[in-house]
Amino acid sequence: MTELPKSYDPKAAEPKWYQWWCEKGFFHAEPSKGGKPYSIVIPPPNVTGILHMGHALNESIQDVLVRRRRMQGFNTVWVPGTDHAGIATQNVVERKLKKEGKTRWDMSREDFLKEVWAWKEQYGGTILNQLRKLGNSCDWDRTRFTMDEGLSRAVAEVFCRLYDKKLIYRGNYIINWCPRCCTALSDEESEHEDEAGHLWHIRYPVKDGRKNECVVVATTRPETLLGDTAVAVNSRDERYAKLKGKTLVLPLVGREIPVIEDDYVDPQFGTGAVKVTPAHDPNDFEMGRRHDLPSINVMTDDAKMNENAGPYAGLDRFACRDKIVADLQAAGLLVKVEPHQHAVGHCYRCHTVVEPRLSPQWFVRMKPLARPAIEALKEGRFKFVPERWNKVYLEWMENIRDWCISRQIWWGHRIPVYTCEAEGCGHEWAARTAPDRCPKCGSEKFRQDPDVLDTWFSSWLWPFSTLGWPEQTESLKFYYPTSDLVTAPDIIFFWVSRMIMAGLEFMGDVPFRRVYLHGTVRDNQGRKMSKSLGNSIDPLDIIRDFSADALRFSLIALTATGQDVYISKEKFELGRNFGTKIWNAARFLQMNTPGEAPDVRAPQFDPALLTADDQHIIARLHRLIAACDEHIERCRFNDYAKAILEFFWHEYCDWYVEYAKQPFYGNDPARKAEVLKVMHYILSRALCLLHPIMPFLTEELWQDMGYTQIAESIVVAPWPKALDEEELLAQGISPEAVAYVDAKHATIGLARNLRADYGLAPAQTADFILRPADAATAARVSADRAAYLPHLRAEKFEVEMDYAPAKAMPSVITPLGTLFMSLAGHIDVEAEKKRLSEQLAKTSQELENTSKRLENVNFISRAKPEVVEQARARRKELQEKRDKLATLLESL
RNA sequence: GGGCGAUUAGCUCAGUUGGUUAGAGCGCUUGCUUGACAUGCAAGAGGUCACAGAUUCGAGUUCUGUAUCGCCCACCA
């Protein structure tokens, strides 16, 4: 056993143990080692990411699950990696280029990609190194990246399979377009926010109509008027019956457009007449198809007005909006402007207002993929924790829309579709590897689609692509489906749902058996932690100022299942203080252990030497083990953390360690040896239970305390097994003894209350006499008398079956019987009598005054109610004080 | 517009199938350099469990409604 320094130094211990664990290969898993598999794939952080509290919580939970399973002997793997984060990463590199005065358009696609790869090589590992600081037991040998060779092969394979099954198609549809990133986005990538906008009412004159004959339409985006190709009304709307078949003249433009009838139009909203812009609105697009209308795109890629906008060409969309409104006003065509709340889509990467826009893109047909994913949940093939996410998942799945997967950026997996450019061929095909000729005509003249795939198109394959798919590797066979997925609910649509669909489609089974969705980490005002708000707490700062263990423990202890967690820096004191407590408890034990630690592998206790207190703490340990198992199984990680704290601090330290001081400082070597055996047993097992949350501190103590006799490292130590009552009894641990100690602790607590009630200073000794409830208790307590003395701060503690006090004595009824307190023999009785008498007289006088005041009708009626209330409280207080003083005086 | 979550001590939150006296941490009050630990020990104050009904012998817990806050989803221009 190593002598422990006065305080623990996490800064030295954490890197040391982490490096050692990695060198020893404890985190590396191979199917060939056999056993039952337990697997988790990490939600891959973006390569652009830096560690934040959300990661810290997410990773800590996964590490708890993984470390416990490993200790339980499962063949455990935790696959780490990063996501190439298409748009996000491209943006980062483009910003870097901008600082150098360049844009990607100044260079070739190849050169730009070289820049991105160079950036990735330099910074892409940052987040993974930060994860190591948390103590995560990932199998780093298996680290993957969504753009590495194997995963790219998986992407191409999946694309081709879906393409060949006609589940991927290209089409011209309205998509969400980010004019800043210059790319299409999926519906999920467009974040809707309510904004205060306007509803402009615009007059559309009727062609060849009477003077001023017109239709008034309402719109929130007047600039799209330039692309209008009709005005629609509801066929049942009487007001517009006479407009049937008429033609309108588009304001400012002069183009002639028809009036159409479509039941999509709600007569109740706006004016009941809708301008139809098929190229810039999804509903209008649908109407356009129904009525065979032309689509006129009036904007460029970066949301400026294009040549179709006539005189407005070149203007930014919002500048154009202003100008159109002004021009309409000048022409007398603007009827009115109403304020209007409506949801506006924003790019999830750069927050620019998304423009709905007609554009040729690639899509995945989702309905056929969703059906099995719905069934899988209903059949219980996987489950969500907490269960309430079932509904969210099903709602989305049942209303799923096709997934726009093409992005007009360069960083990502390029769409593996080729088009033959040979004269008269034009064949289009998808290929897993770069082709050298057209499979139809043999021409070598062909081109690849310029777009890349949505970054989530590689993420949705993560649980099997990281295990080697499309190769049928041993790892894939052994570890798939994975056991648990731990993530935050904000990517349930982006990622979780799609992984389930992909798993079922390509592997024929769900990707994981259970999804635990934890809460969001917020600041103490309930705001999401974000860089821009400046309210984030950097986990690395917490690790520096406290420790990784303190960070992990605090986060887990404070997060109830699936609830959001509110964090401020002080909260991490919880974990730090607990760590210190554990350190000191171990140090105390080490200081009192002569030589090496006793055999803790499978200690056999001597029933003859085992006291009730020994039995009690061992029984409690086993209750704790059972509780830990139950809490972890049910994802109640906060209860798990708090159960250990409660046991270790308040049962082991507050009671058992205090109790152990008697044998330690006494002179019964057999007793001392037995207590040491118990304490090392308890500590070694408690460290195991705590290890998944506080890996570093527990390893440090495991080594220093010499528990390596059990296992080389606590990482691979066996997880304790809870013994039931019968098994405990076989070890000499009886429920009666345990119940007795509970009663003893309650009794000591009540005795302390008694001391405090009568104002005894801690240094003030007193005698206690117990009149036990029955003979059995009498025998038990008599044998144990000495153990009570330090807790009671007493010199004498007597047990008397028929104790009848000669005079009134302070007493309390306890689970063991009635407990009397006596000061006789501990104080100068005469002096104390005098002092108490004086105090009693003073108190009685004040009580009398207060009582009189309260009997005074004037006082009651005229004083403020709170003053009267105060007086009543004071009277009660004085009555109690007087009674106590009287009892104490009488007892002397 | 639809859905979900929250509302319990000064603050932040637990409270697992309904069951004596509703818990914890922090903060606060009082007292302690008690031979591991002041990052500690002992004692204490503090709650009409958001509101209104209903079910029940019994409700913080179940049901209905209301209010406030937060989140998610949504193609009414």
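We name chains A, B, ... by the order of the sequence lines, and we start the count at 1 in each one.
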Open item on the list: Within the 4.0 Å heavy-atom criterion, would you say A/Arg752 contacts the bases, only the backbone, or no part of the nucleic acid?
Closed with: sugar-phosphate
Open item on the list: So that I can tick it off, tell me whether A/Lys336 and A/Glu338 are bridged by a salt bridge, with the cut-off set at under 4.0 angstrom between side-chain N and carboxylate O.
Closed with: yes
- [ ] May I ask you to say whether A/Lys661 pairs ionically with A/Glu658, meaning some side-chain N is under 4.0 Å from a carboxylate O?
- [x] yes
Open item on the list: Let's see if you can work this out: which of B/U34, B/C37, B/C72 has an atom nearest to the side-chain heavy atoms of A/Lys581?
Closed with: B/C37
TODO: Ignoring the backbone of A/Val274, work out which of B/A74, B/U16, B/A77 is nearest its side chain.
DONE: B/A77
Open item on the list: Does this structure show an ion pair linking A/Arg634 with A/Glu630, if we count only N-O contacts that are shorter than 4.0 Å?
Closed with: yes
Open item on the list: Give the residues of residues 545-552 of chain A touching RNA chain B, defined as any heavy atom closer than 4.0 Å, sorted by residue number.
Closed with: none
Task: Is_stacked (A/Trp583, B/A36) at 5.5 Å, 30 deg - done: no
TODO: With heavy atoms under 4.0 Å as the rule, sort A/His791 into base, sugar-phosphate or nothing.
DONE: nothing
Open item on the list: Any carboxylate oxygen within less than 4.0 angstrom of a Lys/Arg side-chain nitrogen, looking at A/Glu651 and A/Arg620?
Closed with: yes
Open item on the list: Counting the atoms with a prime plus P, OP1 and OP2 as sugar-phosphate, which does A/Asn592 contact under 4.0 Å by heavy atoms, base, sugar-phosphate, or nothing?
Closed with: nothing
Task: Pair A/Asp613 + A/Lys744, salt bridge at N-O below 4.0 Å - done: yes
TODO: Look at all strands and tell whether A/Ala218 reaches a base, only sugar-phosphate, or nothing, counting heavy atoms closer than 4.0 Å.
DONE: base
- [ ] Please confirm whether A/Lys581 makes a cation-pi placement over A/Phe648, using NZ or CZ under 6.0 Å from the six-membered ring centre and within 45° of the ring normal.
- [x] no
- [ ] Look at the side chain of A/Lys391 and decide which nucleotide, out of B/C4, B/G40, B/A14, has an atom nearest to it.
- [x] B/C4
Open item on the list: Once hydrogens and angles are ignored, does a donor-acceptor distance under 3.5 Å link the base of B/U16 to the side chain of A/Arg636?
Closed with: yes
Open item on the list: Using the side-chain heavy atoms of A/His650, tell me which of these nucleotides is nearest: B/A77, B/G25, B/G44.
Closed with: B/G25
